[in-house]
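This is the structure I have questions about; it appears just below.
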Amino acid sequence: MINKKELEYDVIILGGGPAGFSAGIYSARGSLKTAILDINMTGGQPSNYLEIENYPGFSLIGGYELMEKFEQHADKFGVEKFPMVEIEKINLSCDKKEIETNDCIFKSKIVILATGAQPKKLNIKGEEEYKGRGVSYCAVCDGAFYKDKTVAVVGGGNSAVEEAIYLTKFAQKVYIIHRRDTLRADKIIQERAMNNPKIEFIFNSIPIEIQGTNSVESIIVQNTSTKQDTKIQTNGVFPYIGITPNTEMFNGQIKQNPQGFVETDENMQTSLKGVYAIGDVRNTPLRQVITAASDGAIAACSAVRYLDSIPAVTV
Ligand code: NAP
């Protein structure tokens with residue numbers, strides 16, 4: 001058995017996206033020794049967004065560029081970063097919270113959960129088989145492979161419609177397959193899609209199978225009222241049907257809603273003392289970079305107040 005290095009912090013933040021970095025900035029600036037752990041590279045989901053045009057102060061900025069700015073800001077205040085960690089165990093229930101990775105044991109009085117969310121799967125035949133061979137959950141990463149080809153985006157929310165618009169930069173045709181006849185996306189985004197000649201909507205339809213040989217060649221959709229199946233020729237399928245929270249590391253330790261999102265109070269406090277949840281992993285009515293950043297600020301300030309109120313807690 002290897003002896004793992006023990007590292008102690010005032011605040012440990014799980015997840016280096018906008019919520020995590022914002023919490024880090026406020027926490028470190030409040031003189032708390034702060035670390036951010038991420039099982040991936042830091043930057044979170046927005047790093048994959050081509051453009052962000054609703055973060056105040058920036059009328060248009062690349063997602064990666066904005067996250068770089070968050071990270072540099074956190075660096076300035078001395079937040080320590082541990083990207084690509086392999087987390088083996090998390091114990092949140094005691095005063096000394098512990099996060100065990102493959103080579104370290106992190107201990108802290110405060111843990112802020114900022115683990116975000118990931119795309120939901122369609123769970124239909126062919127989805128897993130053609131993943132990476134036509135099925136993609138990231139238009140920014142894979143869009144360029146579809147120059148002059150046809151792609152199908154599934155979903156009617158902001159992600160689906162925005163990514164469909166993005167895909168028209170490459171593809172000659174983009175279908176948006178949506179299960180209802182009205183989109184959930186913001187009106188401004190809907191209008192852009194409606195006015196884009198490369199986009200064709202297939203409403204009242206759910207995908208039931210993805211077919212192909214070496215790569216995706218078609219998607220079968222079923223009309224929700226007539227139950228009739230239609231085969232649509234496409235080279236790519238991009239499911240954007242919502243998100244599911246990244247909570248598997250700590251499931252069962254804190255109160256979560258039926259969809260798994262973490263319940264918090266207005267101070268971002270979870271059902272466990274000293275444990276906060278922020279950003280997309282939280283049960284929140286709006287998932288944006290600005291709300292994630294705002295959650296982070298609230299959680300870090302709440303943590304500072306909590307630590308001031310319990311001077312007896314030692315790590
Ligand atoms: P979302 O808003 O939850 O939309 C999911 C879409 O997928 C809905 O249209 C839903 O249909 C459909 N859907 C769900 N399950 C399905 C299934 N099994 N089969 C077929 N269709 C299914 O998810 P999102 O677009 O990923 O956005 C997630 C969050 O991030 C939202 O809060 C969103 O506002 C935010 N976001 C914001 C921006 C922005 O402001 N620029 C950009 C991206 C994301 P129904 O409509 O019938 O439920």
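Remember, it's 1-based here, ligands and their atoms both numbered in the order they're listed.
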query: Minimum heavy-atom separation for Ile36 to Gly20, with atom names?
result: CD1-O, 3.6 Å
field: Whether over 12 other heavy atoms sit under 6.0 Å from Asn214 CG
entry: no
task: From the options Lys120, His178, Arg180, Arg287, select the one whose nearest heavy atom is closest to atom 30 (O) of ligand 1.
output: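 It is Arg287 that holds the nearest heavy atom.
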message: Regarding Asp38 and Lys81, does a basic nitrogen lie under 4.0 Å from an acidic carboxylate oxygen?
response: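 Judged by the 4.0 Å cut-off on N to carboxylate O distance, Asp38 and Lys81 do not form a salt bridge.
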Candidate list Lys4, Lys89, Lys107, test salt bridge (charged side-chain N to carboxylate O under 4.0 Å, His left out), partner Glu98, passing option: Lys107
field: Taking atom 3 (O) of ligand 1 as the reference point, the nearest protein heavy atom with its distance
entry: Gly242 CA, 4.0 Å
field: Nearest-option assignment for atom 13 (N) of ligand 1, heavy atoms, candidates Asp280, Ile290, Ile241
entry: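 Heavy atom nearest to atom 13 (N) of ligand 1 belongs to Ile241.
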- prompt: Can a protein heavy atom be found under 4.0 Å away from atom 10 (C) of ligand 1?
  reply: yes
- request: Kindly confirm or rule out an N or O of Gln288 lying under 3.5 angstrom from an N or O of ligand 1.
  value: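 Yes: some nitrogen or oxygen of Gln288 is under 3.5 Å from one in ligand 1.
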message: Quick check: closest heavy atoms across Val161 and Ala185, and the distance to 0.1 Å?
response: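 For Val161 versus Ala185, the nearest heavy atoms are CG2-CB, 3.8 Å.
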task: Give a yes or no answer on whether the side chain of Ser108 reaches the backbone of Val111 with a donor-acceptor pair at less than 3.5 Å.
output: no
message: If you count every heavy atom of other residues, nucleotides or ligands that lies below 6.0 Å from Ile188 atom CD1, does the total exceed 12?
response: no
- request: Using heavy-atom distances, let me know which of Gly157, Ser159, Ala117 sits nearest atom 27 (O) of ligand 1.
  value: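 It is Ser159 whose heavy atom sits nearest to atom 27 (O) of ligand 1.
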- request: Pick whichever of Glu53, Glu162, Glu163 has a heavy atom sitting closest to atom 42 (C) of ligand 1.
  value: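 Comparing heavy atoms across Glu53, Glu162, Glu163, the nearest one to atom 42 (C) of ligand 1 lies in Glu162.
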query: Does the N or O separation between Gly156 and ligand 1 drop below 3.5 Å for any pair?
result: yes
query: Salt-bridged, Lys5 to Asp103, with N to O below 4.0 Å?
result: no
field: Structural part of Leu286 in contact with ligand 1, heavy atom criterion under 4.0 angstrom
entry: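 Near ligand 1, Leu286 shows nothing, with every heavy atom at 4.0 Å or more.
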query: At a 4.0 Å cut-off, with the gap strictly under it, does some heavy atom of Ile206 reach an atom of ligand 1?
result: no
message: How far is atom 16 (C) of ligand 1 from the closest protein heavy atom, and which atom is that?
response: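 Heavy-atom neighbour on the protein nearest atom 16 (C) of ligand 1: Arg179 NH1, 3.4 Å.
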query: With a 3.5 Å cut-off and no angle check, do the side chains of Ser205 and Asn223 form a donor-acceptor pair?
result: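 No donor-acceptor contact under 3.5 Å links the two side chains.
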message: I need the nearest protein heavy-atom contact for atom 34 (O) of ligand 1: residue, atom name and distance, please.
response: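 Atom 34 (O) of ligand 1 sits closest to the protein heavy atom Asn158 ND2, 3.0 Å.
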- line: Of all protein heavy atoms, the one nearest atom 8 (C) of ligand 1 is Arg184 NE, 3.6 Å
